[in-house]
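Written below as structure tokens is the structure these notes are about.
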Amino acid sequence: MKATIYDVAREAGVSIAAVSQVMNGKGKISEERRAEILKTMERLNYQPSVIASALTGKKTFTLGLLVPDISNPFFAEIARAVEDQGHHLGYSLVICSTDNKDERVERYLNLLQQKSIDGMIIGTGMDNKEMLTPLMKQGIPIAMIAREMPDIGVHTVVVDDCVGGALAAKHLLDLGHTRIAILAEHAKVISSRERVRGFRNTLEEAGVVLPDSGVRNCHYTVEDGKRQAIALLEESAGVRPTALFCCNDMLAIGALQAAKQLGLKVPEQLSVIGFDNTILASVTDPPLTTVAQPIEPMGKKVVDLLIQELKKESKLKQRVVLRPELMIRQSTASPGDMH
């Protein structure tokens, strides 16, 4: 027999009204008591009817999350952080991979709207911002994570990408590198553009010129990182870069593979630095120096902002910018003799 709200109330030693208040995120119930009721619901595998809740205009305790690709470790770790915080607060998560394609974004937005989600978290690129209008008209709270839409009034949680790029540049300059190139993501990705800007500005301040040909735009895959790194390193054989800054860890792993294929030792002949500090960064050979995004705090914060809006605790839209941190491992060193 499926557990009912009466079973939960009896087991937790509370009234049915208290269980209902926890489910609806209302009432003045202590955090301790709320946690006890949620644990009882989990233990009894109590599942309120989402369809019934949606039909009566109640909350469904479901959040949507759009990411470009769940197989990308950065977005997998973002999804996990969002899911953990959502679960802690009694919400389930529906995760959709968009491949950064507008038609997929639109299809998922329509689907999630039909499922009466309570809030939407967007961590994917989209060219057509109008797709969000139906959600906004319906009063569904929206928040961005690791992405920006400056012209739309929504909660935003990002890392300071410009500072992250500057940290990477300073590290390579301190090691003595002056011949440096960049593997960037597509120019329309604001985060990548900001990383390149911070990196470039720091080089310029130190009197190091980075020509436009030294910045290669890539898809965010390991394969494309490898392909572009090989092309870059082969084309500039005479004055080959001694260091590569990669705007995400996937591209950095591609660069490590490219170096191996070309017979270049990392870091003795080529330093490689990434961005994100995903789980992959510590298991590469050599382990990857990278700029860390505070993934867990980002996931927690974006959920908290959505829930605050759902509970009508705040009408202000917040833009939260967290600070990145440089993680120095074994893929960077002073430049050796490249000739």
Side-chain angles (χ1 to χ4, degrees), residues 67-78 97 99-100 123-125 146 159 161 164-165 167-169 171-172 177 179-200 210-237 240-267 269-293 295 324 326-327 329-332:
V67 294
D69 183 1
I70 197 67
S71 70
N72 177 333
F74 172 69
F75 290 107
E77 289 175 35
I78 282 281
S97 291
D99 287 333
N100 281 330
T124 187
V159 76
D161 291 297
L167 286 174
H171 175 61
L172 293 177
H177 292 277
R179 297 208 307 269
I180 304 168
I182 300 177
L183 296 186
E185 287 186 63
H186 196 283
K188 75 175 184 181
V189 179
I190 294 176
S191 56
S192 185
R193 219 163 56 221
E194 284 295 290
R195 289 167 198 180
V196 172
R197 183 170 75 88
F199 192 88
R200 255 195 148 131
L210 177 67
D212 287 341
S213 59
V215 182
R216 298 294 174 100
N217 289 335
C218 317
H219 296 298
Y220 59 84
T221 61
V222 171
E223 295 74 26
D224 207 45
K226 180 181 178 183
R227 185 172 64 80
Q228 295 279 12
I230 287 173
L232 183 73
L233 293 165
E234 284 186 334
E235 284 168 25
S236 53
R240 195 166 53 219
T242 60
L244 284 180
F245 169 49
C246 305
C247 283
N248 66 41
D249 287 349
M250 306 278 271
L251 298 180
I253 289 164
L256 292 178
Q257 291 180 353
K260 192 171 186 181
Q261 187 168 316
L262 295 173
L264 295 172
K265 288 182 180 173
V266 176
Q269 294 173 291
L270 180 70
S271 283
V272 176
I273 185 166
F275 204 111
D276 287 341
N277 194 38
T278 58
I279 186 71
L280 293 179
S282 56
V283 297
T284 55
D285 182 23
L288 188 64
T289 294
T290 187
V291 178
Q293 297 209 53
I295 295 175
L326 181 68
M327 308 296 288
R329 297 192 179 96
Q330 282 90 57
S331 67
T332 48

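Below, each value reflects all heavy atoms present in this structure, side chains not excepted, and no hydrogens, waters or symmetry copies.
In terms of the ring pair (Phe, Tyr, Trp, His ring centres under 6.0 Å) criterion, Phe275 has no residue partners (sequence neighbours excluded).
Nearest heavy atoms, Pro286 versus Ser331: CG-CA, 4.0 Å. The two residues Cys246 and Ala255 come nearest to each other via the heavy atoms SG-CB, 4.0 Å. Minimum heavy-atom separation, Ser192 to Glu185: OG-N, 2.9 Å. Here the closest heavy-atom approach between residue Pro324 and residue Leu167 is recorded as O-CD1, 3.8 Å. The minimum heavy-atom distance between Ala184 and Val215, with the atom names listed, is CB-CG1, 4.2 Å. Across all their heavy atoms, Ile230 and Ala258 have their closest contact at CG1-CB, 3.5 Å.
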Exercise for the section: Check step by step if side-chain contact (heavy atoms from CB on, under 4.5 Å) holds for Leu280 and Met250. Expected result: CA-CA 8 Å; Leu280 293 179; Met250 306 278 271; 4.3 Å; yes
Practice task
Apply side-chain hydrogen bond (donor to acceptor under 3.5 Å, both in side chains) to His171 and Thr289, showing your working.
Solution key: CA-CA 10 Å; His171 175 61; Thr289 294; 4.6 Å; no
Handout entry: Test side-chain contact (heavy atoms from CB on, under 4.5 Å) applied to Phe245 and Arg195, step by step
Key = CA-CA 10 Å; Phe245 169 49; Arg195 289 167 198 180; 4.3 Å; yes
Practice task
Please test Leu270 against Leu262 for side-chain contact (heavy atoms from CB on, under 4.5 Å), starting from the C-alpha separation and ending with a verdict.
Solution key: CA-CA 11 Å; Leu270 180 70; Leu262 295 173; over 6 Å; no
Exercise for the section: Begin from the C-alpha positions of Asn248 and Thr278 and carry the test side-chain contact (heavy atoms from CB on, under 4.5 Å) through to its verdict. Expected result: CA-CA 9 Å; Asn248 66 41; Thr278 58; over 6 Å; no
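To the nearest 0.5 angstrom, Cys218 atom SG is 8.0 Å from Arg227 atom CZ. The OG1 atom of Thr284 lies 11.0 Å from the CD1 atom of Ile279; values are rounded to the nearest 0.5 Å.
Side-chain contact check for Val196 versus Arg193: every heavy-atom pair is 4.5 Å or farther apart. A heavy-atom distance below 4.5 Å is found between the side chains of Val67 and Ser97. By the 4.5 Å heavy-atom criterion applied to side chains, Pro267 and Gln330 are not counted as neighbours. Side-chain contact check for His186 versus Asn217: every heavy-atom pair is 4.5 Å or farther apart. Looking at heavy atoms from C-beta onward, Ile182 lies in side-chain contact with Phe199 at the 4.5 angstrom threshold. Side chains of Phe74 and Ile295 form a contact here, defined as non-hydrogen atoms less than 4.5 Å apart.
Counting only distance, with no hydrogens or angles, the side chain of Asp249 and the backbone of Asn277 share a donor-acceptor pair below 3.5 Å. Glu194 places no side-chain N or O within 3.5 Å of a backbone atom of Ile190 that could act as its donor or acceptor partner.
Comment: Arg200 engages Asp212 in a salt bridge, judged by a side-chain N to carboxylate O separation of less than 4.0 angstrom. Salt-bridge annotation for Lys226 and Glu223: absent, with no side-chain N of the basic residue lying under 4.0 Å from a carboxylate O of the acidic one.
Checking Asn100 against Thr124 by side-chain atom types alone, a donor-acceptor pair falls below 3.5 Å. A donor-acceptor contact under 3.5 angstrom links the side chains of His177 and Ser271, judged on distance only.
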